[in-house]
*Asks:* 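So that we are looking at the same thing, I have put the structure below in structure tokens.
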2 protein chains.
Amino acid sequence: MTTAAEPSENPDLRAVDGRVPGRRGMATRQRLLQCTSDLLETTSYRDLKVVDIAREAGTSPATFYQYFPDAESALLALADRLVGEGGQRLIQPLRSADWQGSNAYLACEAVADAFLDFWADHSALMAVIDLAALEGDQRFRDCRIQLLNTFTVAATEVLTRQRDAGFAAAEVDPEATAVVLVSMLSHVAAHQLGITQAGVSLEHLRDAMARVMYNSPLGKTDTFGTTI
Amino acid sequence: MTTAAEPSENPDLRAVDGRVPGRRGMATRQRLLQCTSDLLETTSYRDLKVVDIAREAGTSPATFYQYFPDAESALLALADRLVGEGGQRLIQPLRSADWQGSNAYLACEAVADAFLDFWADHSALMAVIDLAALEGDQRFRDCRIQLLNTFTVAATEVLTRQRDAGFAAAEVDPEATAVVLVSMLSHVAAHQLGITQAGVSLEHLRDAMARVMYNSPLGKTDTFGTTI
DNA sequence: CAGAGATCTGACGGGTCGTCAGATAGTAGA
DNA sequence: TCTACTATCTGACGACCCGTCAGATCTCTG
């Protein structure tokens with residue numbers, strides 16, 4: 001979210017000593033960010049050393065610290081940049097889909113795909129965000145919440161509409177349901193690689209997610225209100 | 001899972017130099033484990049230092065390294081011990097519940113509670129397991145899979161029965177559905193504290209999870225097979 | 001081309017890690 | 001009880017990474 005063109009107004013773009021970077025400084029900063037991103041593809045989060053980033057960028061570690069207080073802050077800058085794109089990509093299938101009747105199932109498939117695809121495209125960085133958020137780093141928590149909140153809000157709208165159209169019991173809480181579904185989507189997407197038990201293919205997971213979403217108040221369920 | 005009474009047969013209980021610990025050694029090992037567990041309540045995973053564990057246990061750091069190759073291994077020993085208890089607690093509501101008709105909703109509530117309660121009782125250690133697994137540590141991945149797999153297998157059985165009883169379309173994949181539901185349950189349970197957006201109470205999350213489960217093939221859904 | 005300010009760097013103190021040789025404590029047997 | 005063996009413990013150490021700072025180097029302006 002921090003890609004403003006006016007450095008002087010963006011505190012994140014100031015060098016640590018408070019000065020606003022000029023042309024050369026900005027280039028160095030960008031280079032450091034790019035190298036951080038590159039290294040993340042081959043190195044795990046915990047093993048990411050400032051020394052390595054600096055060497056990769058052809059500078060001394062001290063230069064790194066001129067632009068970022070620590071390695072995590074560089075990762076946060078990358079993460080922030082991703083949040084904007086992510087929010088849009090994730091809500092796109094929610095917004096543009098037809099939620100009428102059984103068309104809702106196609107919409108659910110599209111939502112599942114959006115999550116799986118986005119995580120696949122940015123697996124390393126998303127893992128860092130998940131990880132740092134779980135570790136308790138408030139900056140990454142905010143970042144993660146911002147990303148998922150975009151989706152949760154949009155999903156809550158759809159859920160509310162579906163409920164009000166009579167597809168679910170009145171006492172269904174759209175927001176809580178949205179949070180639960182987002183948890184499912186993000187968690188499956190994050191762990192798609194190998195954490196879950198083997199023997200279940202990604203396609204099957206996708207289908208299962210779509211079905212679970214479809215059978216939630218997101219899609220069309222007509223017996224729930226009367227059975228409980 | 002490593003609580004065998006016969007140390008000589010359990011490689012995990014050997015000191016790092018290969019010798020089997022005697023009475024005093026086992027006591028020290030236990031003390032170190034207990035202190036690790038205690039410190040985890042007040043210290044985050046990343047900030048857990050071997051020096052602190054040793055000081056808490058009244059020994060030198062070198063003594064710690066006599067029983068564990070590193071701090072993570074001590075955490076793994078704690079985690080392993082938890083897996084057995086966890087597996088039982090999580091599948092208990094699955095096994096003992098009545099899945100007939102609308103009683104299934106009560107069963108879904110019980111399952112949601114089991115996850116939330118278990119994570120609440122062991123939040124610090126479960127966070128470590130999630131974290132280390134996400135970081136890629138294979139030992140913790142196995143540990144986590146073992147815990148959740150116990151549940152997934154049991155859930156797959158119930159889902160298969162429900163599907164075969166005609167409550168879901170034939171093409172529903174019970175195992176994939178189980179994996180997806182487990183992801184939802186564990187993720188919501190893990191992030192219950194504050195990672196998800198504020199404004200949604202734990203009770204609402206519990207209800208939403210129960211409803212999602214109930215509306216999945218776990219409970220009774222009767223329109224899905226014909227709408228797609 | 002001189003000066004000012006921006007940028008970069010080598011060197012350093014501080015902290016944690018994991019190891020090792022040797023000190024100490026417990027114990028079995030005479 | 002004494003001795004000798006072994007389990008257990010420890011202080012000291014080298015290696016590594018962190019983040020800082022004074023001063024060198026570069027860039028641009030006037």
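Each chain gets a letter, A, B and so on, in the order the sequences are listed, and its residues count up from 1. Computed from a predicted structure; not experimentally measured.
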*Asks:* In this structure, how many angstroms lie between the C1' atom of D/dT8 and the CZ atom of B/R31, rounded?
*Replies:* 11 Å
*Asks:* Could you check how far CG of B/L32 sits from P of D/dT8, rounded to whole Å?
*Replies:*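 After rounding, the gap between these two atoms is 13 Å.
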*Asks:* When you check the phosphate oxygens OP1 and OP2 of D/dC9, does a side-chain N or O of B/Y67 lie under 4.0 Å from one of them?
*Replies:* yes
*Asks:* When you get a sec, tell me which of C/dT16, D/dG19, C/dG18 is the closest nucleotide to the side chain of A/V50?
*Replies:* D/dG19
*Asks:* Compute the bend angle of the helix from C/dC1-D/dG30 to C/dA30-D/dT1 from the end axes (five pairs per end), rounded to 10°.
*Replies:* 0°
*Asks:* Show your working on side-chain contact (heavy atoms from CB on, under 4.5 Å) between A/D121 and A/R89 and close with a plain yes or no.
*Replies:* CA-CA 12 Å; A/D121 287 347; A/R89 272 181 69 174; 3.0 Å; yes
*Asks:* Between B/T42 (side chain) and B/L39 (backbone), is there a donor-acceptor pair under 3.5 Å?
*Replies:*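 A pair under 3.5 Å: yes.
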*Asks:* Rounded to the Å, how far apart are A/L48 CG and D/dC17 P?
*Replies:*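 Atom-to-atom, A/L48 to D/dC17, this comes out as 12 Å.
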*Asks:* In whole angstrom, give the distance that lies between atom CZ of B/R55 and atom P of C/dG15.
*Replies:* 12 Å
*Asks:* Specify whether A/F115 and A/F151 have parallel, tilted or perpendicular ring planes, treating 30° as the upper limit for parallel and 60° as the lower limit for perpendicular.
*Replies:* perpendicular
*Asks:* Which distance, rounded to the nearest 0.5 Å, do you find between the CG of B/L134 and the OH of A/Y45?
*Replies:* 11.0 Å
*Asks:* Check whether any side-chain N or O of B/R31 sits under 3.5 Å from a backbone N or O of B/A57 as a donor-acceptor pair, and report yes or no.
*Replies:* yes
*Asks:* Do A/T36 side-chain atoms and A/L32 backbone N/O form a donor-acceptor pair below 3.5 Å?
*Replies:*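 Judged by distance alone, yes, a pair lies under 3.5 Å.
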*Asks:* May I ask you to evaluate whether B/Y65 reaches the phosphate of C/dG18, defined as a side-chain N or O under 4.0 Å from OP1 or OP2?
*Replies:* yes
*Asks:* Starting at atom CZ of B/F68, determine the distance to atom P of D/dC9, rounded to an integer number of angstrom.
*Replies:*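 For the pair B/F68 CZ and D/dC9 P, the rounded distance is 12 Å.
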*Asks:* So if I take every side-chain heavy atom of B/T63 and compare against C/dC17, D/dG19, D/dT10, which nucleotide ends up nearest?
*Replies:*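 From the listed options, D/dT10 comes nearest.
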*Asks:* C/dC17 P sits how many Å from A/K49 NZ, rounded?
*Replies:* 12 Å
*Asks:* Nearest to the side chain of B/S60, heavy atoms from C-beta on, is which of D/dG11, D/dC17, C/dT9?
*Replies:* D/dG11
*Asks:* With respect to the phosphate group of D/dC9, does any side-chain polar atom (N or O) of B/T28 fall under 4.0 Å of OP1 or OP2?
*Replies:* yes
*Asks:* Figure out the CD/P separation between A/Q66 and C/dG10, and round it to whole Å.
*Replies:*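 Taking atom P of C/dG10 as the reference, CD of A/Q66 is at 14 Å.
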*Asks:* I want to confirm an ordering. Mapping A/D52 and A/A62 to their closest nucleotides on DNA chain D, which one lands closer to the 5' end?
*Replies:*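 Taking each residue's closest nucleotide, the earlier one in sequence belongs to A/D52.
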*Asks:* Has A/D70 got a side-chain atom pairing as donor or acceptor with A/S73's backbone, closer than 3.5 angstrom?
*Replies:*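 Indeed, once roles are kept as given, a pair shorter than 3.5 Å links the two residues.
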*Asks:* Roughly how many Å is it from CD in B/E72 to P in C/dC17, rounded to a whole number?
*Replies:* 11 Å
